K.L.:
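Got a structure here, written out as structure tokens. Questions coming.
What you see is a predicted model; the values in this text were computed from it and never measured.
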Amino acid sequence: MTGQITRINPPQLHATPGYHHITVVEAGPTAYLAGQCPLDEAGELVGPGDLNAQIDQVAANALAALSAVGAGPEHVVRSVIYVVSDDGPVLGAAWRRLTASVVGPAFTTASTLLGVARLGFSGQLVEVDLTAALPR
């Protein structure tokens, strides 16, 4: 059984491109995933300079991490996306690729997208931080 997750967009707030302003979770176990990076199983950076390849790797890694705790993208209750860019169209394209990815449903919840100057690994262009309400 999954704890109840309710996603809300109050009519007093602006329309969103797919996420919800508020996510309410019935008490239960929660998983806090470390920032998912575009690294393969050997710890090597995937797609240097290629944001789309890095997003695809991050999505695959996030799905594996969620699966490891018995959760899926639909159990995500909070996401923060970091993209190395200050260009609005680049940030928008990153959002669209993530929402169309294997973990796309994770981004229908309370989500934040940030353009940043740098991430932890040399050449890293994207990182995703997820919190999930675990199924019971």
K.L.:
May I ask you to test the L114-I81 pair for a side-chain heavy-atom distance under 4.5 Å?
P.N.:
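Side-chain contact under 4.5 Å: no.
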
K.L.:
Considering all heavy atoms of both residues, which atom of G70 and which atom of P135 are nearest to each other, and what is their separation?
P.N.:
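Shortest heavy-atom separation between G70 and P135 comes out as O-CG, 3.1 Å.
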
K.L.:
Rounded to the nearest 0.5 Å, what's the gap from CG on L51 to CD on Q124? Could you check?
P.N.:
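Separation between the atoms: 11.0 Å.
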
K.L.:
Kindly compute the distance separating CD (E127) from CD1 (I55), expressed to the nearest 0.5 Å.
P.N.:
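Those atoms lie 13.0 Å apart.
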
K.L.:
Tell me, do L125 and V83 make a side-chain contact under 4.5 Å, heavy atoms counted?
P.N.:
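Answer no - side chains too far apart.
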
K.L.:
In terms of hydrophobic clustering (I, L, V, M, F, W, Y; side-chain heavy atoms under 4.5 Å; direct or indirect links), are V77 and L33 co-clustered?
P.N.:
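Unlinked, V77 and L33 end up in two clusters.
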
K.L.:
Return yes if some donor-acceptor pair links the side-chain N/O of H21 with the main-chain N/O of N9 below 3.5 Å, else return no.
P.N.:
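No, the answer is negative, given that no donor and acceptor are paired below the 3.5 Å cut-off.
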
K.L.:
For the hydrophobic clusters of this structure (ILVMFWY residues joined by side-chain heavy atoms under 4.5 Å, transitively), does one cluster hold both V126 and L39?
P.N.:
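The answer is no; the residues belong to distinct hydrophobic clusters.
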
K.L.:
Does I22 form a side chain to side chain contact (heavy atoms under 4.5 Å, CB included) with R7? I'd like the steps, not just the answer.
P.N.:
CA-CA 6 Å; I22 303 164; R7 295 176 174 91; over 6 Å; no

K.L.:
Hey, mind stepping through Y19 and T109 against side chain to side chain contact (heavy atoms under 4.5 Å, CB included) and telling me if it holds?
P.N.:
CA-CA 5 Å; Y19 67 89; T109 195; over 6 Å; no

K.L.:
Which pair of heavy atoms, one from L66 and one from A132, lies closest together, and at what distance?
P.N.:
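Closest approach of L66 to A132, heavy atoms only: CD2-CB, 3.9 Å.
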
K.L.:
For the residue pair T23 and I5, establish whether any side-chain heavy-atom pair is separated by less than 4.5 Å.
P.N.:
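A side-chain contact exists here, since the closest heavy-atom pair is under 4.5 Å.
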
K.L.:
Which heavy atom of P48 sits nearest a heavy atom of Q54, and at what distance?
P.N.:
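Shortest heavy-atom contact: CA-NE2, 4.0 Å.
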
K.L.:
When clusters are formed by joining ILVMFWY residues with side-chain heavy atoms under 4.5 Å apart, either directly or through shared neighbours, do L63 and V76 land in the same one?
P.N.:
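Shared cluster, yes.
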
K.L.:
With sequence neighbours left out, which residue pairs that include part of residues 69-85 fulfil the salt bridge (Lys or Arg N to Asp or Glu O under 4.0 Å) condition?
P.N.:
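Residue pairs passing salt bridge (Lys or Arg N to Asp or Glu O under 4.0 Å), neighbours aside: none found.
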
K.L.:
To the nearest 0.5 Å, tell me how far S79 OG sits from L130 CG.
P.N.:
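It is 6.0 Å, given to the nearest 0.5 Å.
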
K.L.:
Provide the full list of salt bridge (Lys or Arg N to Asp or Glu O under 4.0 Å) pairs with a residue in residues 103-118, sequence neighbours left out, each pair given once.
P.N.:
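Every pair satisfying salt bridge (Lys or Arg N to Asp or Glu O under 4.0 Å) with a residue in residues 103-118: there are none.
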
K.L.:
Which residue pairs pass the salt bridge (Lys or Arg N to Asp or Glu O under 4.0 Å) test when at least one of the two sits in residues 28-46, sequence neighbours left out?
P.N.:
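Listed by first then second residue: nothing to list.
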
K.L.:
Under the 3.5 angstrom rule, does the side chain of D86 hit a backbone N or O of G115 as a donor-acceptor pair?
P.N.:
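No; judged by distance alone, with no hydrogens or angles, the pair does not exist.
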
K.L.:
Give the table of side-chain donor-acceptor pairs shorter than 3.5 Å for residues 100-107, with sequence neighbours excluded, one pair per line with atom names and distance.
P.N.:
residue, atom, partner, partner atom, Å
S101, OG, L98, O, 2.7
S101, OG, V103, N, 3.2

K.L.:
Please answer whether the main-chain N or O of V80 pairs with a side-chain N or O of D129 as donor and acceptor at a distance below 3.5 Å.
P.N.:
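Flag not set: sc D129 to bb V80 has no pair under 3.5 Å.
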
K.L.:
Other residues, nucleotides and ligands only: do more than 12 of their heavy atoms fall within 6.0 Å of CG on D87?
P.N.:
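Yes, CG of D87 has more than 12 neighbouring heavy atoms, counting only those of other groups under 6.0 Å.
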
K.L.:
Suppose the criterion is salt bridge (Lys or Arg N to Asp or Glu O under 4.0 Å): which pairs have a residue in residues 48-73, not counting sequence neighbours?
P.N.:
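Sorted result for residues 48-73: D56-R97.
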
K.L.:
Once you round to the nearest 0.5 Å, how far does NE2 of H75 lie from OG1 of T30?
P.N.:
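Here the interatomic distance stands at 12.0 Å.
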
K.L.:
Looking at side-chain heavy atoms only, is the closest gap between W95 and S111 below 4.5 Å?
P.N.:
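Counting from C-beta outward, W95 and S111 do come under 4.5 Å.
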
K.L.:
So which pairs with a foot in residues 112-136 pass ring-ring contact (aromatic ring centres under 6.0 Å, His included), sequence neighbours left out?
P.N.:
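Not a single pair qualifies under ring-ring contact (aromatic ring centres under 6.0 Å, His included).
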
K.L.:
Go through L45 and Q57 one step at a time and tell me if the side chain to side chain contact (heavy atoms under 4.5 Å, CB included) criterion holds.
P.N.:
CA-CA 9 Å; L45 181 71; Q57 185 66 48; over 6 Å; no

